[in-house]
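Notes for the one structure printed next.
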Amino acid sequence: MSIFQATTSAPVNIACIKYWGKRNEQLILPTNSSLSVTLSQDNLRSTTTARADPSFTADCLWLNGKVDPIKAGGRLHTCITEMKRLRAAFEAANPDQPKIAVFNVHICSFNNFPTAAGLASSASGFAALVYALAKLYALPQTPEELSLIARRGSGSACRSLFGGFVAWDMGSDDATGSDSKARQVAPESHWPEMEALICVVNDAKKGTSSTSGMQRTVVTSALLQHRIGFVVPSRMAEIESAIADKRFGDFAEITMRDSNQFHAVALDTYPPIFYMNDVSRAIIAIITEYNRLSEQPKAAYTYDAGPNAVIYALTPNVREIAQLVLYYFPQAEKVVIGGQEVQAALPEGFNEAVAKRWEVGAVKGLIHTRVGDGPRVLSDSEALLNAQGIPKTLA
Ligand code: DP6
């Protein structure tokens with residue numbers, strides 16, 4: 001008897017031009033286009049095994065070892081249903097293919113980074129799920145076409161179907177959303193010197209989720225209208241051109257300005273939403289002072305719906321930036337970059353007074369990574385389900 005199974009992994013992406021606001025909640029159509037950098041799966045990834053079998057009595061999903069209910073009409077349900085629909089169409093067009101679209105599926109997914117780190121896992125998670133089902137079903141769809149379905153899981157997930165530098169074009173088809181999809185602006189090989197230092201910031205309180213936060217922004221913020229109408233369209237064109245020409249200074253300025261505006265729009269929401277905290281703001285002050293020392297910015301901070309900082313920088317400058325972060329935010333464990341331990345230090349001419357030196361734990365971890373590739377197909381030996389289709393960790 002044949003086994004119908006596939007295992008894939010998918011990357012995290014961090015936006016330089018932020019997606020914030022939906023014009024259609026059901027279809028997940030955004031109020032503006034966005035652009036992100038895909039981070040290497042060598043450091044951060046979601047891994048997913050999907051299997052179809054006539055013996056399964058229901059669709060079932062395990063996330064990080066626990067059952068995640070697939071609610072009718074929910075986002076998971078939509079993605080799985082859409083993928084089954086594509087398989088059914090494929091079977092209709094290719095009558096020699098096995099009829100597996102009608103089978104229930106078991107899906108098992110793991111993130112290799114702790115949820116407690118506050119790193120969004122929905123983007124890599126939905127991208128890995130859609131990609132695993134696409135491989136299980138041997139579908140001919142391109143990553144761009146698959147991004148339409150990942151988008152229905154979580155908006156930002158559509159950008160994790162590609163490596164490198166990725167745009168999500170908002171599209172104009174409001175009836176079906178057929179043109180609201182991801183597009184690769186440049187592959188990772190175009191600018192492999194692009195690296196990222198993620199500062200995992202301690203977060204005591206539970207923040208507002210992206211989904212409900214952006215809903216409230218769309219309803220209450222006048223500033224959002226200015227952002228989507230007058231700011232983002234030209235910014236998208238400018239950052240695409242900066243990436244094409246590898247102009248890091250321009251890339252950095254646009255990225256920092258867009259993060260600032262996203263958080264301004266959150267503040268303009270009523271009641272207001274605060275995602276950054278004192279540590280986040282101290283990192284902004286430190287990067288701003290660092291950039292003052294050179295003609296062009298050498299580091300770009302950006303923040304999503306939480307206090308963690310992602311600092312983009314080019315390879316030659318990453319060590320110096322890590323030394324600087326360590327000076328203000330001492331770490332309990334040693335930090336190694338390029339095989340060498342990083343020591344706390346300030347660059348020549350740096351005004352130390354821009355921030356205070358924090359206690360150990362204010363930044364509870366540093367993750368050094370770089371631009372990376374799109375979803376990968378993994379071998380059967382890496383499958384997360386056992387022979388019976390049950391997560392190996394539970395069997
Ligand atoms: C701040 O994709 O998590 O990270 O579509 O409601 O699932 P939903 O929202 P989500 O929002 C991400 C918002 C952001 C910016 C970005 O990634 O572009």
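Along the sequence shown, the residues carry numbers beginning at 1. Computed from a prediction, not measured in an experiment: that's the story for all the values here. Counting convention: from 1, in listed order, for ligands and their atoms alike.
When only modelled atom types and interatomic distance are considered, Gln215 and Ser212 share no side-chain donor-acceptor pair under 3.5 Å. Using modelled atom types, one finds no donor on one side chain facing an acceptor on the other under 3.5 Å when comparing Ser124 with Ser121.
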Dump the pairs for me: ligand 1 N or O, protein N or O, distance under 3.5 Å, to 0.1 Å.
| from | atom 1 | to | atom 2 | distance (Å) |
| --- | --- | --- | --- | --- |
| ligand 1 | 2 (O) | Ser154 | OG | 3.2 |
| ligand 1 | 2 (O) | Ser156 | N | 2.9 |
| ligand 1 | 2 (O) | Ser156 | OG | 2.7 |
| ligand 1 | 5 (O) | Tyr19 | OH | 2.6 |
| ligand 1 | 5 (O) | Gly155 | N | 2.7 |
| ligand 1 | 6 (O) | Lys22 | NZ | 2.7 |
| ligand 1 | 6 (O) | Arg75 | NH2 | 3.2 |
| ligand 1 | 6 (O) | Thr211 | OG1 | 2.8 |
| ligand 1 | 7 (O) | Arg75 | NH1 | 2.7 |
| ligand 1 | 7 (O) | Ser154 | OG | 2.7 |
| ligand 1 | 17 (O) | Arg159 | NH2 | 2.8 |
| ligand 1 | 18 (O) | Tyr19 | N | 2.9 |
| ligand 1 | 18 (O) | Arg159 | NH1 | 3.0 |
| ligand 1 | 18 (O) | Arg159 | NH2 | 3.1 |

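Taking the side-chain hydrogen bond (donor to acceptor under 3.5 Å, both in side chains) definition, one finds that Thr208 meets it with nothing, sequence neighbours left out.
Met170 and Leu27 fall into different hydrophobic clusters, where Ile, Leu, Val, Met, Phe, Trp and Tyr side chains are chained together by heavy-atom contacts under 4.5 Å.
Using a cutoff of 4.0 Å between basic side-chain nitrogens and carboxylate oxygens, Glu82 and Arg85 are scored as salt-bridged.
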Tyr327 vs Glu352, test: side-chain hydrogen bond (donor to acceptor under 3.5 Å, both in side chains). Steps then yes/no. CA-CA 10 Å; Tyr327 181 86; Glu352 187 183 351; 2.5 Å; yes

